[in-house]
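Only one structure is covered here, and it is reproduced in the block below.
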Amino acid sequence: MDLFRQAILRQGPPQEFALLTVQEAIKPQKQTKLVQDENQLLENILRSLLQELVAAAVQSGQKVMKYGVSIVDGESSQGQIPRLLDIVLYLCEKEHVEGGMIFQLLEDLTEMSTMRNCEDVFGYIESKQDILGKPELFARGKLVMLRTCNQLLRRLSKANDVVFCGRIIMFLAHFFPLSERSAVNIKGVFNTSNETKYETEVPEGISIDFNFYRTLWSLQEYFCNPPSLINAPGKWHKFTSSLTLVLNTFEAQPLSDEEGNAHNLEDDAATFNIKYLTSSKLMGLELKDPSFRRHVLVQCLILFDYLKAPGKSEKELPSEAMKEEIKTSEERAKKLLEMTPPKGIDFLRSIEHILERERNWVWWKRDGCPPFEKQPVEKKLVQDGTKKRRTRWSLGNKELSQLWKWADQYSGALTDAERVATPAITKYWKPLAEDMDESAGIEAEYHHKNNRVYCWKGLRFSARQDLEGFSRFTEHGIEGVVPLELLPNEVRAKYQAKPSERTKRTKKEDTKNSAQQAEENQIATPPSEMDNEVGRADPEASAAPMDTDAGIATVNICQEETPTPEDNLKQSSDTDVAQEAGQIEADTEAETGMIDGETDAEDLDTAG
């Protein structure tokens, strides 16, 4: 022990004398590494020396980490205890002694120190975090370090030592890897011991609504234990009614920008407390405090996010009625956060981002906390003549096999009505319509019409929902299928059919249909009946005055033989020429004559 007392007073870096001191004190079997019994002997010596130094510091009234003659090491100076810890840390890092020895000394030091001295000790731990986190030391001392930090958290006051507690939690988050299960709340257990006490009887001489005061603070019972609201309709109804009252009050008493700027939130952060005071006399001031309102509204969003969280069994999921109420209340809470000055919109975006990250952690825990770290793959040289056996999967590859397994475990996801939905054509073709707008300035190589899968899907949708637009594909291509209401006026005119063309097309179809009908009638009528009809039609034609064109048309239909396809084609072409020359009215009269002539012939046949 005397050798180590002299060693901590020596100047210079520990690597110059640390190993030599151990060899002189222990005389190990191996020159550079101690065996188990030698490690235990050295640990007892160091723990006894540390206890003596702490006792001497307490008697002298000095801080533990500043006790003793200052040892100057370069430009820095330190006390005897930090010097002793540096020597042991060097020996552990170089694996001269057992790696967990430094963690054991730090645990003893925190247990022997007051809370004021523990803050300095923890500062030393934070400064050596990189060395303590090395794999050769972390594997030996992670549980001891976790136990040390948890003991410090138990000793600290959650109301008065908030900053120190936060430092310890942040250290643990950086010290342990993300996949470390010891720091994860796998079951999602809530701290139900965090009770909020408030007044239940109306005090004298207050000018506030005591019913609102009691309703506001009663919400903390549900915030500290959200699982109690599931499968408890009575509690849920009481919670929603209380929350509605609180939200109505916040909406009825909005905060102005002057009131929001009057409270400097940065100054509040310096004197932050984990819980608010619940005195009824402070209710009026707390309602005007934007920080107080934000705390209550953020608690609401956290509760709603938990109730909607994935990975729960069907019994733990909220009912459909609860989902609707959650959605309504969540929208109101977000709107109030936007209205709460200062910078309400920015604050809401930050909260939404935090909640989204929290949902990712929930999924990670539901999957069993798989490790984030991926070890480097070592390329192994395959010997000549040997083949590496591939892993066989039930469905051909790893991804499909995992998807099939996931579908068996969560069959409800495949029957979700919102899983497969056919989009409306106006929504589907909107990106292509934006590409066709020249004012958008989108280059041709980035147009959606170059995507074959996109065009193929769009044609299928249009064939089911918009046959008129689908028919424009043959004339204008894929851009002609886009609904006209999505296109700008200058582009829309290009794909709209002209009125004259529509009239011409309709007239052609009517003429072809009438010719085909006449051909079918001639084929179906026997020759004897045709002769009789001709004989009866001649007197009627001579007796009834008709226009020349109409008479010719009637005689042609009644007396000529069955028209051939070439005659029909000539008739169709003649009709087109007549329409283009402006003789639409004459053709109309001719058709009228045809109808009259046929009607008279039928009347004669009936009379006969």
Which heavy atom of [X] sits nearest a heavy atom of [Y], and at what distance?
{"X": "V144", "Y": "F103", "value": "CG1-O, 3.6 Å"}
{"X": "S113", "Y": "V64", "value": "OG-CG2, 4.1 Å"}
{"X": "E98", "Y": "R140", "value": "OE2-NH1, 2.8 Å"}
{"X": "P341", "Y": "S256", "value": "CG-O, 3.3 Å"}

Within a radius of less than 6.0 Å around [atom1] of [X], do more than 12 heavy atoms belonging to other residues, nucleotides or ligands occur?
{"X": "M170", "atom1": "CE", "value": "no"}
{"X": "K365", "atom1": "NZ", "value": "yes"}
{"X": "R349", "atom1": "CZ", "value": "no"}
{"X": "Q51", "atom1": "CD", "value": "no"}

Interatomic distance, [X] atom [atom1] to [Y] atom [atom2] [nearest 0.5 angstrom]:
{"X": "I351", "Y": "H353", "atom1": "CD1", "atom2": "NE2", "answer": "11.0 Å"}
{"X": "D257", "Y": "L255", "atom1": "CG", "atom2": "CG", "answer": "9.5 Å"}
{"X": "F212", "Y": "T249", "atom1": "CZ", "atom2": "OG1", "answer": "4.5 Å"}
{"X": "L137", "Y": "M101", "atom1": "CG", "atom2": "CE", "answer": "12.0 Å"}
{"X": "C300", "Y": "F239", "atom1": "SG", "atom2": "CZ", "answer": "5.5 Å"}
{"X": "K235", "Y": "H237", "atom1": "NZ", "atom2": "NE2", "answer": "15.0 Å"}

Do [X] and [Y] make a side-chain contact, defined as non-hydrogen atoms from C-beta onward lying under 4.5 Å apart?
{"X": "T278", "Y": "Q220", "answer": "no"}
{"X": "K308", "Y": "I326", "answer": "yes"}
{"X": "L46", "Y": "L42", "answer": "yes"}
{"X": "S218", "Y": "K238", "answer": "no"}
{"X": "Q15", "Y": "K94", "answer": "no"}
{"X": "L109", "Y": "M65", "answer": "yes"}
{"X": "L282", "Y": "F292", "answer": "no"}
{"X": "L337", "Y": "L301", "answer": "yes"}

Tell me if a side-chain donor or acceptor on [X] pairs with a main-chain N or O of [Y] at a distance below 3.5 Å.
{"X": "N225", "Y": "E221", "answer": "no"}
{"X": "S60", "Y": "A57", "answer": "yes"}
{"X": "N150", "Y": "L146", "answer": "yes"}
{"X": "D161", "Y": "L156", "answer": "no"}
{"X": "R293", "Y": "K288", "answer": "no"}
{"X": "Y213", "Y": "K281", "answer": "no"}
{"X": "S242", "Y": "T215", "answer": "no"}

Under 3.5 Å side-chain donor-acceptor pair for T240 and E325: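 No, no side-chain donor-acceptor contact under 3.5 Å.
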What class does the angle between the rings of W361 and W364 fall in, given that below 30° is parallel, 30 to 60° is tilted and above 60° is perpendicular?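 W361 vs W364 ring planes: perpendicular.
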Salt-bridge present ([X], [Y]; N to O < 4.0 Å):
{"X": "E119", "Y": "R167", "result": "yes"}
{"X": "R83", "Y": "D86", "result": "no"}
{"X": "R10", "Y": "E16", "result": "no"}

